[in-house]
Amino acid sequence: MRLSRFPLATTKETPADAEVVSHRLMLRAGMIRKLGSGLYTWLPLGLRVLQKVEAIVRAEMNRAGAFEVLVPPEVPAELWQESGRWDKYGPELLRFKDRHGREFIIGPTHEEVITDLARRDVRSYKQLPLNYYQIQTKFRDEIRPRFGVMRGREFLMKDAYSFHMDEADLVREYQNMRATYTRIFNRVGVEFRAVKADSGAIGGDRSEEFHVLANSGEDLLAVSDQSNYAANIEAAETRALSTRAAASAAVERVATPTQKTCEEVAALLKVALETTVKLIVVKAREGGLIALAIRGDHVLNTVKAEKHPRVAAPLTLASDAEIQAAFGCEPGFLGPVFADGTNAVPVLADHAAATLADFVCGANLAGFHLRGANWGRDAAEPETADLRNAVAGDPSPDGQGVLKLVRGIEVGHIFQLGKLYTNALKMTVLDADGKEVTPEMGCYGIGVTRIVAAVIEQRNDDKGIVWPDAIAPFRVLICPIGTDKSEAAKATAEKLYNELHTAGIEVLLDDRGLRPGPMFADADLIGVPHRVVIGDKGLAQNQFEYKRRDAAVAQMIPATTEAVLALLRA
RNA sequence: CGGGGCGUAGCUCAGCUUGGUAGAGCGCUUGCUUCGGGAGCAAGAGGUCGCAGGUUCAAUUCCUGUCGCCCCGACCA
């Protein structure tokens with residue numbers, strides 16, 4: 001491709017609303033342009049990258065034995081009503097009516113549609129297993145789109161859905177997809193990690209996320225420093241850190257007139273935050289309230305809390321009035337120690353909070369906290385559960401090493417759904433004995449659009465993007481210097497361009513006749529992995545200047561096409 | 001959805017407080033010079049000041065409404 005004919009849309013200045021580096025660079029490099037909130041047009045340069053990622057995903061899915069389909073993005077409401085998700089999904093689901101007043105949605109995901117497809121066509125166990133996938137535009141009306149295409153409302157997604165006669169086969173395919181995803185991200189050329197995850201809105205039993213590791217990631221991951229244990233913070237298990245010591249102090253009431261948070265109380269009493277306990281009061285599943293006890297330095301994990309059988313889902317905090325009625329004081333002074341004769345609110349304690357002895361907590365009396373409180377003596381022995389977020393330094397749940405926290409960008413998610421959707425949509429097939437069986441189902445998503453942004457987050461420098469070869473918009477950029485004066489530079493560049501092109505290399509020739517400054521600035525910004533500079537200086541010694549985008553310095557190479565090709569193969 | 005902010009040239013912004021019919025830098029076009037890391041000089045093109053009302057002799061400026069966009073907020077006991 002000749003740059004003089006390519007609609008390169010690089011800019012020196014950055015549009016004001018770009019916060020993260022990938023958004024900034026995608027705008028500056030001219031990969032995308034914004035159309036509306038969370039909506040982006042892909043320009044030729046960006047689209048080439050997007051399609052490269054898409055091609056890798058498609059090739060690996062095909063290789064894994066999945067079959068590509070394409071379903072409409074618009075889905076009749078009936079299917080979503082049948083699965084129950086019409087009511088479960090909130091305003092994130094884009095709904096609309098056609099001219100006849102029929103209701104539709106734009107699919108944010110397609111479990112229903114593919115299950116519907118499969119239940120019509122699949123009648124026999126001989127047709128299973130089956131894995132359908134598609135690469136298609138999805139729409140999710142995000143509360144707050146941000147970070148460019150990283151969290152847009154419209155995005156390209158690869159979603160796959162598999163059907164199986166039994167759980168063992170589902171697990172087999174799940175592992176197959178896990179291996180496929182690993183191949184995909186390896187081929188893309190990005191550093192990633194598979195982590196245990198919460199299955200969220202899709203539902204199901206077991207799931208793992210694939211994260212590109214980047215400091216700007218929106219997700220926190222807990223990874224072991226000694227084993228391959230890795231989990232999203234939402235799903236990282238925690239357990240008791242020690243056994244509880246015997247009570248050694250008498251419980252004592254202390255005045256804390258304005259200190260409402262554990263931090264303030266700990267500072268006032270000059271005790272470690274780790275020896276304080278806070279209560280978070282939520283609605284109980286069986287009605288009424290339940291208090292969640294968390295160590296002062298820990299953070300409640302809402303996903304875990306919501307899953308607990310005694311906690312109402314969705315997690316709902318008690319109102320101040322409800323707290324006042326139940327505890328007899330305002331929030332800020334709550335604790336698990338109830339005076340005799342009062343109606344104690346049931347307490348569910350996180351393992352770490354439950355192993356504290358002589359702890360500090362609210363006195364259930366405005367302006368006072370307790371010091372030297374103990375479970376089983378002052379407070380009732382609580383039911384315990386895993387309720388908190390893991391923190392750096394926690395022992396790894398697999399018993400090997402300790403956890404550290406890293407940031408990641410979720411680019412893939414695989415689920416064992418079980419019979420969630422096949423049951424809801426009444427899909428059955430006949431087994432070998434002629435009996436109707438409800439198939440097991442798995443689903444597997446990859447955010448194709450997001451991969452592009454995530455790779456940039458991981459691979460950039462102060463000058464621009466540093467593409468891995470596999471998804472770069474072009475592999476080689478030829479920069480002839482002083483073409484208005486040097487016929488040799490111009491002709492040599494043309495020759496190299498033609499020969500690389502003939503060799504099947506995606507090559508870009510900067511024939512715009514720019515001065516070197518702007519030419520190199522564009523080259524670095526758009527991040528083409530290999531650059532060949534051709535000028536009189538080098539040609540005098542029969543040399544090209546070659547520089548990898550990710551290398552610190554350039555090197556001189558023989559001025560031949562073969563020399564360049566050899567470097568590309570390396 | 002609550003709170004805050006912003007809509008003026010292709011981009012980044014100034015002007016508005018104190019109304020008098022619009023500017024800078026970058027980019028773009030042309031010419032000359034320059035030419036190994038975002039050049040210089042000169043001449044030019046380019047704006048319904050988001051939209052709709054209102055006040056006024058006069059509105060980019062003041063008022064009201066509306067649309068769009070951005071930021072913060074669902075871990076607090």
Side-chain angles (χ1 to χ4, degrees), chain A residues 9-19 23 27-28 30 33-39 90-92 141 143-148 220 233-234 256 259-265 276-282 289 291-306 314-320 322-324 326-327 329-336 345 350 361-364 366 369 387-389 391 462-464 479-486 489 510 512-525 531 533-540 544-545 547 554 556:
Chain A
T10 54
T11 56
K12 222 191 304 191
E13 282 177 290
T14 315
D17 55 5
E19 282 200 289
H23 188 197
L27 287 167
R28 284 198 53 213
R33 287 291 180 256
K34 185 166 80 171
L35 179 63
S37 181
L39 304 174
E92 181 180 311
D141 201 351
I143 299 174
R144 222 181 116 198
R146 59 185 132 180
F147 306 149
L220 259 185
I233 192 88
E234 291 175 342
T256 52
Q259 288 74 19
K260 293 189 173 189
T261 66
C262 284
E263 286 78 4
E264 290 164 353
V265 171
T276 64
V277 169
K278 60 187 169 188
L279 285 196
I280 297 161
V281 185
V282 300
L289 302 178
L292 310 177
I294 307 288
R295 219 171 73 177
D297 59 320
H298 286 153
V299 167
L300 176 69
N301 181 309
T302 55
V303 173
K304 291 176 183 175
E306 189 170 298
L315 192 70
T316 312
L317 293 174
S319 69
D320 284 6
E322 286 169 321
I323 289 174
Q324 188 74 42
F327 288 80
C329 76
E330 60 185 295
F333 304 100
L334 306 183
V345 173
D350 176 69
C361 64
N364 293 330
H369 278 73
L387 294 173
R388 67 177 175 96
N389 278 163
V391 296
D462 57 339
K463 292 183 175 129
C479 297
I481 302 286
T483 48
D484 57 332
K485 282 194 179 147
S486 168
D510 195 342
R512 296 175 296 178
L514 295 183
R515 295 165 48 260
M519 186 158 60
F520 293 151
D522 271 350
D524 290 337
L525 180 57
R531 189 186 75 188
V533 178
I534 300 177
D536 279 343
K537 247 197 270 180
L539 286 179
F544 293 155
E545 177 193 295
K547 183 176 176 299
M556 300 309 290

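Only this structure's heavy atoms are used, side chains among them; waters, hydrogens and symmetry mates stay out. Here is how names work: the chains are called A, B, and so on, in the same order as the sequence lines, proteins then strands, and each is numbered from 1. Everything numeric in this text was worked out from a predicted model, so none of it was measured.
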Rounded to the nearest 0.5 Å, how far does CG of A:Asp510 lie from CD1 of A:Ile534?
11.5 Å
Could you tell me how far apart [X] ([atom1]) and [N] ([atom2]) are, to the nearest whole angstrom?
| X | N | atom1 | atom2 | answer |
| --- | --- | --- | --- | --- |
| A:Glu92 | B:rA74 | CD | C1' | 15 Å |
| A:Asp522 | B:rG38 | CG | P | 13 Å |
| A:Asn364 | B:rA77 | CG | P | 15 Å |
| A:Lys34 | B:rC6 | NZ | C1' | 12 Å |
| A:Glu263 | B:rA77 | CD | P | 6 Å |
| A:Asp484 | B:rC32 | CG | P | 12 Å |
| A:Leu39 | B:rC70 | CG | P | 10 Å |
| A:Phe147 | B:rC69 | CZ | P | 18 Å |

Below 3.5 Å, does any donor atom in the side chain of [X] face an acceptor in the base of [N], or the other way round?
| X | N | value |
| --- | --- | --- |
| A:Arg531 | B:rG37 | yes |
| A:Arg512 | B:rG38 | no |
| A:Glu13 | B:rG27 | no |

Across the strands shown, which category fits [X] at heavy-atom distances under 4.0 angstrom: base, sugar-phosphate, nothing?
| X | answer |
| --- | --- |
| A:Ile143 | base |
| A:Asn301 | nothing |
| A:Pro331 | base |
| A:Lys278 | sugar-phosphate |
| A:Arg28 | base |
| A:Thr261 | sugar-phosphate |
| A:Leu514 | nothing |
| A:Gly332 | sugar-phosphate |

Between [M] and [N] - [atom1] atom distance, rounded Å:
| N | M | atom1 | value |
| --- | --- | --- | --- |
| B:rG3 | B:rU66 | P | 14 Å |
| B:rC57 | B:rA52 | C1' | 23 Å |
| B:rG37 | B:rG23 | C1' | 32 Å |
| B:rA39 | B:rG65 | P | 49 Å |
| B:rG4 | B:rU12 | C1' | 22 Å |
| B:rA24 | B:rA45 | P | 13 Å |
| B:rA58 | B:rU21 | P | 15 Å |
| B:rA9 | B:rG15 | P | 15 Å |

Yes or no on side chain to side chain contact (heavy atoms under 4.5 Å, CB included) for A:Val265 and A:Lys260, after CA distance, side-chain angles and deciding distance?
CA-CA 7 Å; A:Val265 171; A:Lys260 293 189 173 189; over 6 Å; no
Sorted by position of nearest nucleotide on RNA chain B, 5' first, the leading residue of A:Glu19 and A:His298 is A:Glu19
Using heavy atoms to find the nearest nucleotide of RNA chain B for A:Thr10 and A:Leu300 separately, return the residue whose nucleotide is more 5′.
A:Thr10
With a 4.0 Å cutoff (strictly under), does any side-chain N or O of [X] reach OP1 or OP2 of [N]?
| X | N | value |
| --- | --- | --- |
| A:Lys12 | B:rG25 | no |
| A:Ser37 | B:rC70 | yes |
| A:Lys485 | B:rC35 | yes |

Nucleotide opposite [N] in a Watson-Crick or G-U pair, distances under 3.5 Å:
| N | result |
| --- | --- |
| B:rU29 | B:rA43 |
| B:rU18 | none |
| B:rA77 | none |
| B:rC49 | none |
| B:rC6 | B:rG68 |
| B:rU55 | none |

As a test of reading the structure: which of B:rU34, B:rG37, B:rA77 is closest to the side chain of A:Arg515, going by heavy atoms?
B:rU34
Check against side chain to side chain contact (heavy atoms under 4.5 Å, CB included), A:Leu525 and A:Arg28:
CA-CA 8 Å; A:Leu525 180 57; A:Arg28 284 198 53 213; 4.0 Å; yes
Do A:Val281 and A:Glu322 have side chains that approach each other closer than 4.5 Å (heavy atoms only, starting at C-beta)?
no
Is the closest side-chain heavy-atom distance between A:Leu387 and A:Asn301 below 4.5 Å?
no
Between A:Asp536 and A:Ile481, is the side chain to side chain contact (heavy atoms under 4.5 Å, CB included) condition met? List the steps.
CA-CA 8 Å; A:Asp536 279 343; A:Ile481 302 286; over 6 Å; no
Stepwise side chain to side chain contact (heavy atoms under 4.5 Å, CB included) test for A:Phe544 and A:Met556:
CA-CA 6 Å; A:Phe544 293 155; A:Met556 300 309 290; over 6 Å; no
Are the side chain of A:Lys463 and the backbone of A:Ala523 linked by a donor-acceptor contact shorter than 3.5 Å?
no
